[in-house]
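Encoded as C-alpha cells, the structure appears first; notes follow it.
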Amino acid sequence: MDEVQMNEVKRALQQAATILAQSKRATAFCGAGVSAESEIATFRDPGGLWDKMDPTEVGTAQGLMHAILNKTDELIPIFEDLLDTFEKADRNPGHDALKALEDLGILQTVITQNVDNLHWEAGNREVIEMHGNLFRMRCLACGIKQNVERKQFVRTLRKKLKSLTDYSPESLLEMAPICEACGSYMRPDVVLFGEAVHDLPRSFNTAAQCDAMLVLGTSGTVYPAALLPLEAKKAGARIIVINPREDAFRDLSDVYIPQKSGEALPSILEFIENIST
Ligand code: OAD
Ligand code: ZN
C-alpha cells in the first residue's frame with residue numbers, strides 16, 4: 001500500500017469512527033472473515049472449507065450423512081483439522097473491539113453468520129447467530145438445546161475418535177452426544193443448507209432499526225443473511241464495510257475499509273475514544 005492509499009484508509013477509519021460515535025443503535029453484521037484472525041479459515045477464501053469439501057455435496061444434512069458413511073476416509077482428516085482449529089482458536093482483537101463498542105453504548109447487536117461461539121466468548125451480550133452455533137447441541141428427538149464448553153468438547157471428541165476401532169456407522173454414532181433428558185442423539189445446532197436460518201424476523205427487525213451497520217468479513221453470497229445490509233441501507237442506516245478484498249457490499253457502503261477486521265476495528269475504537277475525550 002503506498003502513502004496515498006494509506007491516507008485514504010486512515011480517512012475511512014476516521015469517517016467510520018465519526019459515524020459510530022454519533023450512533024446509538026449500531027449493528028455489526030459478521031461473516032467468517034471476522035474469525036480469520038483467530039486462525040479459523042473462511043469458507044470461500046483459498047484454503048477455506050469449501051475448497052476442501054463441496055458444499056453442494058456435504059452442505060445439506062442428508063448429503064453430510066451420506067458423505068460421513070460413504071467417504072469416511074476422506075472426511076476424517078478434514079474433521080481432525082477442524083478439531084485442531086477449534087481447540088486452538090481464541091477470540092481476536094476484532095471480537096474484542098465489538099465488545100468494547102457494546103460497552104460504550106454504541107453497538108446494540110451483533111448479527112453473525114459464524115458458528116464458532118467467539119462473540120459470546122468476547123463478552124458481547126446481544127448476539128444473533130443466524131446460522132446457529134457448533135457448540136450448542138440440539139436433541140434430534142425432544143429438541144432440547146444444551147451449550148457445551150468449546151475446548152473441552154473438542155478434546156472429548158478427539159479422544160472418542162482416537163478410541164474407535166473402525167469407522168462403521170455404529171462406531172461413528174458413538175461420537176454423537178446423548179440427550180440427558182430423553183437419551184436420544186444430539187447434533188450441533190447449526191444451519192445446514194436447506195434448513196431454516198435462526199431468528200430471521202429478529203435479524204431483519206434489528207437491521208431495519210439500526211442507525212449504522214458494520215458489515216464485517218462476509219462475501220455476501222448466502223441468503224437470506226446477505227440481505228441484511230440492504231435492509232439496513234433502505235431504512236436509512238449508514239453502512240461501513242470492512243473487508244481486505246472488495247466484495248458484494250462495496251457499492252452499498254458509505255465507508256469502505258480495505259483492511260482485516262482485527263486491524264480496522266481497534267483503530268476505529270481508538271479514533272472514537274479520541275473524539276469523546
Ligand atoms: P466467506 O468465506 O464466503 O467470506 C469470507 C469473507 O471474509 C470474504 O469476503 C473475505 O474477503 C473476507 N475476509 C477474509 N479475511 C478477513 C479478515 N481478516 N477481516 C475481514 N474480512 C476478511 O464467509 P461468509 O460470508 O461468512 O453458511 O459465508 C457465509 C456463509 O457461507 C457461512 O455462514 C456458511 C457458508 O456456507 C452456512 O454454514 C449456512
Ligand atoms: Zn432429548
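Heavy-atom basis, side chains included; hydrogens, waters and symmetry copies ignored. Quantities reported herein were computed from a predicted structural model and do not represent experimental measurements. Order of listing sets the numbers, starting from 1, for every ligand and every atom in it.
Atom 1 (P) of ligand 1 has as its closest protein heavy atom S219 OG, 3.6 Å. In terms of protein heavy atoms, atom 37 (C) of ligand 1 is closest to H131 ND1, 3.7 Å. Closest to atom 26 (O) of ligand 1, if we only count protein heavy atoms, is A32 N, 2.7 Å. Here the heavy atom of the protein found nearest to atom 14 (C) of ligand 1 is D45 OD2, 3.4 Å. Atom 39 (C) of ligand 1 has V191 O, 3.3 Å as its closest protein atom, hydrogens excluded (heavy atom only). Closest to atom 36 (O) of ligand 1, if we only count protein heavy atoms, is W50 NE1, 3.0 Å. Ranking protein heavy atoms by distance to atom 5 (C) of ligand 1, first place goes to G217 O, 3.7 Å. Scanning all protein heavy atoms for the shortest distance to atom 25 (O) of ligand 1 gives T218 OG1, 2.7 Å.
Here the OG1 atom belonging to T27 is positioned 7.0 Å from the CG atom belonging to L107, to the nearest 0.5 angstrom. Between the CD atom of E231 and the CG atom of N205 there is a distance of 8.5 Å, given to the nearest 0.5 Å. To the nearest 0.5 angstrom, I144 atom CD1 is 14.5 Å from M137 atom CE.
The V222 neighbourhood of ligand 1 comprises atoms 29 (C), 30 (C), 31 (O), with distances under 4.0 Å to a heavy atom of that residue. Proximity to F193 (heavy-atom distance under 4.0 Å) selects the following atoms of ligand 1: 36 (O). For ligand 1, the atoms sitting less than 4.0 Å from at least one non-hydrogen atom of R44 are 1 (P), 2 (O), 3 (O), 28 (O), 29 (C), 30 (C), 31 (O), 35 (C), 36 (O), numbered in the order shown with element in parentheses. The atoms of ligand 1 that sit less than 4.0 Å from any heavy atom of R245 are 10 (C), 11 (O), 14 (C). The distance from ligand 1 to the heavy atoms of A36 drops below 4.0 Å at these ligand atoms: 15 (N), 18 (N). Listed by atom number, the atoms of ligand 1 under 4.0 Å from T42 heavy atoms are 2 (O), 5 (C). Interface atoms of ligand 1 facing E37, defined by a heavy-atom separation under 4.0 Å, are 17 (C), 18 (N), 19 (N). Within ligand 1, counting atoms from 1 as listed, the ones closer than 4.0 Å to a heavy atom of G31 are 26 (O).
Close to ligand 1: P244, with a non-hydrogen atom less than 4.0 angstrom away.
The pair R158-D84 meets the salt-bridge criterion, with a side-chain N (NZ, NE, NH1 or NH2) lying under 4.0 Å from an Asp/Glu carboxylate O. In this structure, D90 pairs ionically with K151, as a charged nitrogen and a carboxylate oxygen lie closer than 4.0 Å. Between E174 and K160 no salt bridge is recorded (no basic side-chain N to carboxylate O distance below 4.0 Å). A salt bridge links R91 with D96; the closest basic N to acidic carboxylate O contact falls under 4.0 Å.
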Could you tabulate the donor-acceptor pairs under 3.5 Å formed by side-chain atoms of residues 180-192, not counting sequence neighbours?
residue, atom, partner, partner atom, Å
R187, NH1, E195, OE2, 2.9
R187, NH2, V190, O, 2.7
R187, NH2, E195, OE1, 3.0
D189, OD1, R138, NH1, 2.8
D189, OD2, R136, NE, 2.9
D189, OD2, R136, NH2, 3.2
D189, OD2, K145, NZ, 3.0

Donor-acceptor pairs under 3.5 Å, side chain of residues 4-14 to any protein atom, not counting sequence neighbours: which ones?
residue, atom, partner, partner atom, Å
Q5, OE1, D2, N, 3.0

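When hydrophobic clusters are built by joining Ile, Leu, Val, Met, Phe, Trp and Tyr residues whose side-chain heavy atoms come closer than 4.5 Å, directly or via intermediates, L252 is grouped together with L227. Under the 4.5 Å side-chain heavy-atom criterion for ILVMFWY residues, a single connected hydrophobic cluster contains both L134 and L118. By the rule that hydrophobic residues join a cluster once side-chain heavy atoms approach within less than 4.5 Å of another member, V255 and L269 end up as members of one cluster.
A side chain to side chain contact (heavy atoms under 4.5 Å, CB included) with T72 is found for exactly one of I76, N70, L75, namely I76. Among K99, R150, H95, the one residue that satisfies the side chain to side chain donor-acceptor pair (under 3.5 Å) test with E121 is R150.
Classified by interplanar angle (parallel below 30°, tilted 30° to 60°, perpendicular above 60°), the ring pair W50/F193 is tilted.
Annotation: protein N, O or S atoms under 2.8 Å of the Zn ion (ligand 2) (waters excluded) comprise C139 SG, C142 SG, C179 SG, C182 SG.
Looking at K260 against ligand 1, both its backbone and its side chain come within 4.0 Å, counting heavy atoms.
The option from V190, I257, V115, N243 that lies nearest to atom 11 (O) of ligand 1, judged by heavy atoms, is N243. Among F43, Y223, F249, the residue whose heavy atom lies closest to atom 35 (C) of ligand 1 is F43.
When only modelled atom types and interatomic distance are considered, S168 and S171 share a side-chain donor-acceptor pair under 3.5 Å.
Scanning for side chain to side chain donor-acceptor pair (under 3.5 Å) contacts around S267 gives an empty result, with sequence neighbours left out.
Considering backbone and side-chain N/O atoms, Q259 never comes within less than 3.5 Å of an N/O atom of ligand 1. Between N114 and ligand 1, not a single N/O pair is under 3.5 Å apart.
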